[in-house]
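Below is one structure, written out as structure tokens, with a few remarks after it.
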Amino acid sequence: MRIRTTALLLTFLGILVVFNFAHTQNAPEASEKGKEVYEDSCAHCHGVEGRGDGSAAENLLPKPRDFTRGLYKIRSTEAGQLPTDQDLFDIITDGMPGSSMPPWDTALSANDRWEVVAYIKTFYDGFKESENPPKQITLAGKIPYAEQSVETGKDLYVELGCVECHGNVGRGDGTSAPTLEDSWGFQTWPANLTQGWNYRGGADTEDIFKRFIGGIAGSPMPAFEGDSFLNFGLTTEESKRLIELENKDEMTEAEEEESGKFYEKMDAAVDIALTIKEGGEVSAADIQTYNDAMKVVYEKSWHLANYVKSLMPAKRPEPAIGNNVLRSQYVQDALPPIDDAAWETFEAKYFPLVGQVVIEPRQFNPTIDGVHVRSFYNDTEVAFLFIWDDRTQTTGDETDETTGKPLEDALAVQFPVKVPQGPTAPKPYFLWGGRLPVYLWHWKASAPEQVTEFTAKGINNAEVQEAQGELKAQGIYTDGQYKLWVKRALKTDDKKDLQLEPGVFVPIAFSAWDGANGDVDTKRVITSWYTFVLEPVPSSKRFIYPPLIALLSVGFLFGLRAFVQRKNSENA
Amino acid sequence: MKSYLLASLTVLLACCFVGSVFAADSDAGEVETLIFPEKKYKPMAVNNGGTISGVVKFEGDVPEMKKLEITKDQKVCGAEEKFDESLVVGEGNALKNTIVYLIDVSEGKDFDKKTKLEIDQKGCRFEPHVQIIPLDTRLTMLNSDRVNHNVHIFSVINTPVNKQQTKNRKKMPLAAVKKAEGPVPMKCDIHGWMSAWVAYVPHPYFAVTNEKGEFTLEDVPAGEYKLGYWHEACGTNNEAPAAVTVEAGGTVTQDFTLKLK
């Protein structure tokens, strides 16, 4: 027993050592091998000379990194510092979610990945010139996730101006979002903070903290390090008081003086911070002042990281496949309207959307991640609630340069016209049908209360149905999110419509367009076929017939007994 | 993880399939820079120095200044109309915001330490549009707007700067830099139309033309110099700088006429 414990302890220690070692590892000297691996696996996007201009780069957004300027987004290092070798290795290994950079953990051996790290560094002289290792962000003093911390972080989110780009609730829909460019002049979108699975550098609280303190180099995301932090040099209480004073319409003389003192204190702290950054000399007292100020900055930054963490679901929503199909819930009465609390009573099904890259024009850089769907039905009608994030509301004011068509946000729901009989029966082609036609509901942001019915036999072969059924629709856009409510009768008189029946599994698919991302016609995001069913309710007759039969049986038995008893007494 | 890889590879393959050669925007938009002396500049007392002055004019049809689209914070930013300031031509074709400077100067006067080095953000516009910053000197960013700005300086030789200047922060000094560079663009990502240029320079013989196109370089030690210029839209004379001879206590005039690049 003791031997086993010792062995376990040793293994554990071993893992710790390896773990620690892994985090201090440096790349080898650049070699021919690294060049070979790079040109084989990386140059298609990043270019032979590392300028981010490989043959595949044109269609990618975010663009592949240009390694010649030493600007690396995902770092464990402070603002303005180069990444560590380990940072580069980790990015190659894990890839960058939400971008075209795949993880290379299986495609390249660890050794090859280290060789690539060494080779990439040759593209920027700064790696050679810097004498000191890059300064890493210290993660000590992490404040655990708690409601109070999230609340504090939420205030900071507003005070620091995160809302300008990331929007009121973090969906990347801030008023500056549509005009952002990276350091190379390419368009770039702020992160939708509610979709942790798309964070390029991971969505752990530590990752968020590092992005915040160190900034995202080459992007518009500033570094909130030290001296540029809100009220740098003031304690939390002093900072609160100053904000309070500044929010007053008019300050008394005493208040003016008070705020003036705060500013003096801030200026002094900033001066020390800059002197340190410039490599100048500072006294021990100055260092104390600086450390005190930085402690407040780091504390607040952890609160902010906790708030950002609170914006995303605990785990990425699972796609609605397998047994996880979209089930419409039966209600006896009227179907709930768009803002009814009933929609919140069960979890929505999630349908991830991907860029349509089969037919020209294609969408290689989708901005819509997926659509959440819920449904209710009653004896005559079915209602759906579709929810999806879109950073911008575009209603067709601008037109696409090549097609001349208006650019606008839209959603299409696709069903087959005839439900395939049995699981092996063929479904129509998922891109709006072919030989087998599909039946479509098409909604556009410019007419939010209208859904048009289409029949399509191909992605470029859709026709508006002559007979438009009585579909009801309502679309709302708030804080970077669309909510679309649609209602239709289960049965219609139109032969081109899909007829719905409880218990029948119906293929369903979606298309969506983000006008601000240039989506128009086939340039859009899509899903393949999923399954939808009106969840059959065990008939309410079960509450009538079984008791009735039981009652009749009992009655019959009593009758029989009475009859037999009478017979017996007669016979007696 | 595997599905990510697969999806990404599919995208890659599709891209290669479409495959066309990609021309990086950064190449096309490269801006010519100033020429800095190779030798380290030695400040010294200059007695009876000369003056170089002149006027920079624009030649050609003056394009109408493009009105900037103000997309947010209308109350503060949209109160006055704003125009693209990459080419500001005044009366008599005077060209504003041209840097005129000595290319080959190794010693001369020291920087005037009293000059306040500031760029104001007022009405969501940088003022001045072109700012000369001596090495080892802090530039102070002012925020007269009571809205959030972010100061983004796209340095390549020095460390790029990207700092949020929150609305309550009236003054934000930036760390001094050590290497001569520029001019490099300055932007505010929050208000994408805001644009300025900063140049980090090793000696004080730099001037920026005013709205009359005028510039003056004072206290220049007597000698022969090459006089360079830089303008955002008109480029530089790096290929053929003007030769000037400065006499002790004298004034030499050198005018320039610039065309669009």
Side-chain angles (χ1 to χ4, degrees), chain A residues 44-45 51-60 66 69 71 79-80 95 97 100-107 159-161 164-165 175-176 178-181 183-186 215 217-218 220-225 227-228 230-231 242-243 246 263 267 270-271 274 277-278 354-355 357 362 364, chain B residues 1-2 4-29 69 71-73 136 138 147-152 154 156 158-178 187-193:
Chain A
H44 303 292
C45 292
R51 294 180 177 280
D53 58 353
S55 56
E58 185 185 19
N59 290 310
L60 303 181
D66 167 359
R69 274 170 75 173
L71 298 174
S100 306
M101 174 74 179
W104 293 90
D105 52 345
T106 49
E159 287 161 6
L160 291 172
E164 307 280 359
C165 297
T175 43
S176 295
T179 55
L180 296 183
E181 287 178 354
S183 293
W184 290 264
F186 295 114
M221 172 72 187
F224 287 82
E225 100 279 35
D227 62 89
S228 65
L230 182 75
N231 300 343
L242 179 59
I243 292 171
E246 280 179 340
Y263 276 105
D267 288 347
V270 168
D271 183 57
L274 292 183
K277 194 181 263 182
E278 291 158 355
V354 295
V357 292
R362 302 170 170 92
F364 292 103
Chain B
M1 269 313 186
K2 275 208 176 127
Y4 275 126
L5 187 61
L6 207 69
S8 308
L9 283 179
T10 319
V11 170
L12 272 186
L13 279 178
C15 298
C16 296
F17 175 72
V18 175
S20 48
V21 182
F22 168 66
D25 236 20
S26 52
D27 283 350
E69 194 192 344
T71 48
K72 66 179 283 175
D73 293 330
D136 301 311
R138 288 177 192 164
V147 299
N148 295 316
H149 286 298
N150 79 307
V151 178
H152 200 159
F154 295 79
V156 176
N158 291 289
T159 308
V161 175
N162 188 1
K163 283 166 175 275
Q164 192 93 335
Q165 186 164 10
T166 43
K167 52 185 160 198
N168 69 326
R169 189 90 189 265
K170 294 179 190 91
K171 274 198 265 174
M172 181 170 79
L174 303 177
V177 308
K178 293 206 161 10
K187 262 184 70 174
C188 168
D189 295 295
I190 294 175
H191 308 98
W193 63 85

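Computed over heavy atoms, backbone and side chain alike; hydrogens, waters and symmetry mates excluded. Reminder, nothing fancy here: chain letters follow the sequence lines and each chain counts from 1.
- Of all the listed residues (A:Ser183, A:Gly355, A:Ser228), the one sharing the greatest number of non-hydrogen pairs under 4.5 Å with chain B is A:Ser228.
- Checked by atom type and distance alone, the side chain of B:Asn162 pairs as donor or acceptor with a backbone atom of A:Pro220 at under 3.5 Å.
- Every residue was checked against the salt bridge (charged side-chain N to carboxylate O under 4.0 Å, His left out) condition with B:Asp73, not counting sequence neighbours, and none meets it.
- Proximity to chain A (any heavy atom under 4.5 Å) is restricted, for B:Lys72, to the side chain, taken from C-beta onward.
- Looking at B:Lys187, the atoms closer than 4.5 Å to chain A (heavy atoms on both sides) all sit in the side chain, from C-beta outward.
- Interface residue A:Glu181: backbone and side-chain heavy atoms are both found under 4.5 Å from chain B.
- At a threshold of 4.0 Å, the pair B:Arg138-A:Glu278 counts as salt-bridged, since one of the basic side-chain nitrogens sits closer than that to a carboxylate oxygen.
- The two residues A:Val270 and B:Arg169 come nearest to each other via the heavy atoms CG2-NH2, 3.3 Å.
- Evaluated for a side chain to side chain contact (heavy atoms under 4.5 Å, CB included) with A:Glu164, the options B:Asp189, B:Asn148, B:Asn150 yield exactly one hit, B:Asn148.
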Practice problem: Given side-chain contact (heavy atoms from CB on, under 4.5 Å), test A:Thr179 with B:Thr71 step by step and report yes or no. | Solution: CA-CA 9 Å; A:Thr179 55; B:Thr71 48; 4.2 Å; yes
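- Listed by chain and number, the residues in a ring pair (Phe, Tyr, Trp, His ring centres under 6.0 Å) with B:His191 are B:His149, B:Trp193 (sequence neighbours excluded).
- Within the 4.5 Å cutoff, no side-chain heavy atoms of A:Glu159 are placed close to those of B:Thr166.
- No other option in A:Ser176, A:Ala217, A:Pro178 has as many heavy-atom pairs under 4.5 Å with chain B as A:Ser176.
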A:Tyr263 vs B:Lys170, side-chain contact (heavy atoms from CB on, under 4.5 Å): CA-CA, chis, key distance, verdict
CA-CA 10 Å; A:Tyr263 276 105; B:Lys170 294 179 190 91; 3.7 Å; yes
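- Looking at A:Leu71, only its side chain comes within 4.5 Å of chain B, counting heavy atoms on both sides.
- Looking at B:Pro173, both its backbone and its side chain come within 4.5 Å of chain A, counting heavy atoms on both sides.
- A:Asn231 touches chain B through its side chain: at least one heavy atom from C-beta onward sits under 4.5 Å away, while N, CA, C and O do not.
- For B:Gln164 (side chain) and A:Leu160 (main-chain N/O), a donor-acceptor pair under 3.5 Å exists by modelled atom type.
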